[in-house]
Asks: 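Input: one structure, supplied below.
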Amino acid sequence: MPFTARVLTAVRRIPPGRAATYGDIAALAGRPRAARAVGNIARDSRAPGTPWHRVVAAGGRLGGFGGNPAMKRALLAAEGIRMAGGRIRDWCRVRWPGRPADRKARNRAARKSVSPGKRPPGK
DNA sequence: ATCATGACATGTT
DNA sequence: TAACATGCCATGA
């Protein structure tokens, strides 16, 4: 199953009244860091029955939507998800799947070497 | 503390 | 290659 199909399946798994982040969808699809790929697929693919409006950005932000973010907001509101200043209310409850917690364990080991003299833009 | 910006990370097309 | 409906972190206001 190609990654795109997996993403579509994951999105369809989102129950009504709930929403998932691009990162979560990517993780369900098997590529935890492919959030951007998910967005890319979403745009290129308009598979029917795929509730892309339930897919939002991290932190409960709307994220982007093809040409009409207001429509996305309306669709979410129709499912009982309301927003507050661009953020989903009770995001911790509507989020799906239920994520236990994460804390700042992300070390990323990387930022890699960040090439000398590049990262600290600092002032 | 919150918002905005900059920069890099990651994956597919 | 660069673009993208992102994510996370750091810094500045």
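Sequence lines set the chain letters: A, B, ... in the order given, protein chains first and strands last, and positions in each chain run from 1.
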Asks: Starting from P on B:dA9, measure out to CZ on A:R31 and report it in whole angstrom.
Replies: 19 Å
Asks: Quick one: label A:A57 by what it contacts on the DNA or RNA (base, sugar-phosphate, nothing), any heavy atom closer than 4.0 Å.
Replies: sugar-phosphate
Asks: Does anything in residues 55-68 of chain A form a salt bridge (charged side-chain N to carboxylate O under 4.0 Å, His left out)? List the pairs, not counting sequence neighbours.
Replies: none
Asks: Take the protein atom CZ of A:R73 and the nucleotide atom P of C:dA5, then report the distance between them rounded to whole Å.
Replies: 19 Å
Asks: Base, sugar-phosphate alone, or nothing: which one does A:R43 contact when heavy atoms must sit under 4.0 Å apart?
Replies: base
Asks: Which part of the nucleic acid, if any, lies within reach of A:F65 when heavy atoms closer than 4.0 Å are counted: base, sugar-phosphate only, or nothing?
Replies: base
Asks: Quick one: side chain to side chain donor-acceptor pair (under 3.5 Å) pairs with a partner in residues 49-60 of chain A, sequence neighbours left out?
Replies: A:H53-A:E79, A:R54-A:E79
Asks: Would you please name every residue forming a side chain to side chain contact (heavy atoms under 4.5 Å, CB included) with A:A10, sequence neighbours left out?
Replies: A:I25, A:L28
Asks: Under 4.0 Å between a side-chain N or O of A:R33 and OP1 or OP2 of B:dT10?
Replies: no
Asks: List the atom pairs, with distances to 0.1 Å, where a side-chain N or O of residues 80-92 of chain A and a protein N or O form a donor-acceptor pair under 3.5 Å, not counting sequence neighbours.
Replies:
none

Asks: Measure the distance from CG on A:D44 to P on B:dT12 and round it to the nearest whole Å.
Replies: 14 Å
Asks: Return the polar atom pairs (N/O with N/O) between nucleotides 1-3 of chain C and the protein under 3.5 Å, or none.
Replies:
none

Asks: When you look for runs of 3 or more Watson-Crick or G-U pairs in a row, both distances below 3.5 Å, which of them include DNA chain B?
Replies: B:2-6 with C:9-13, B:11-13 with C:2-4
Asks: What pairs with A:A35 under side chain to side chain contact (heavy atoms under 4.5 Å, CB included), at least two apart in sequence or on another chain?
Replies: A:Y22
Asks: Have a look at A:A34 and say if it touches a base, only the backbone sugar-phosphate, or nothing, with a 4.0 Å heavy-atom cut-off.
Replies: sugar-phosphate
Asks: Strictly under 3.5 Å: I want the nitrogen or oxygen pairs between protein and nucleotides 1-3 of chain B, one per line.
Replies:
residue: B:dC3; atom: OP2; partner: A:R87; partner atom: NH2; Å: 3.4

Asks: Determine yes or no for a side-chain-to-main-chain donor-acceptor pair under 3.5 angstrom, with A:K72 supplying the side chain and A:V55 the backbone.
Replies: yes
Asks: Partners of A:P32 by side chain to side chain contact (heavy atoms under 4.5 Å, CB included), sequence neighbours excluded?
Replies: A:A27
Asks: Mind calculating the distance between NE2 (A:H53) and C1' (C:dA5) to the nearest angstrom?
Replies: 14 Å
Asks: Measure CG/A:L62 against P/C:dG7 and give the value in whole Å, please.
Replies: 12 Å
Asks: Grab the CG-C1' distance between A:L28 and C:dT6 for me, whole Å please.
Replies: 15 Å
Asks: Figure out the CD1/C1' separation between A:I41 and B:dT13, and round it to whole Å.
Replies: 9 Å
Asks: More than 12 heavy atoms of other residues, nucleotides or ligands under 6.0 Å from CZ of A:R6: yes or no?
Replies: yes
Asks: According to the salt bridge (charged side-chain N to carboxylate O under 4.0 Å, His left out) rule, which pairs have a member within residues 10-20 of chain A, sequence neighbours left out?
Replies: none
Asks: Who pairs with A:R36 by side chain to side chain contact (heavy atoms under 4.5 Å, CB included), at least two apart in sequence or on another chain?
Replies: none
Asks: Nearest heavy-atom pair of A:A20 and A:I14: which atoms, and what distance?
Replies: CB-CD1, 3.8 Å
Asks: Checking side-chain contact (heavy atoms from CB on, under 4.5 Å) for the pair A:S45/A:T4: CA distance, chi angles, key distance, verdict?
Replies: CA-CA 9 Å; A:S45 176; A:T4 43; over 6 Å; no
Asks: In whole angstrom, what separates A:L8's CG from C:dA5's P?
Replies: 17 Å
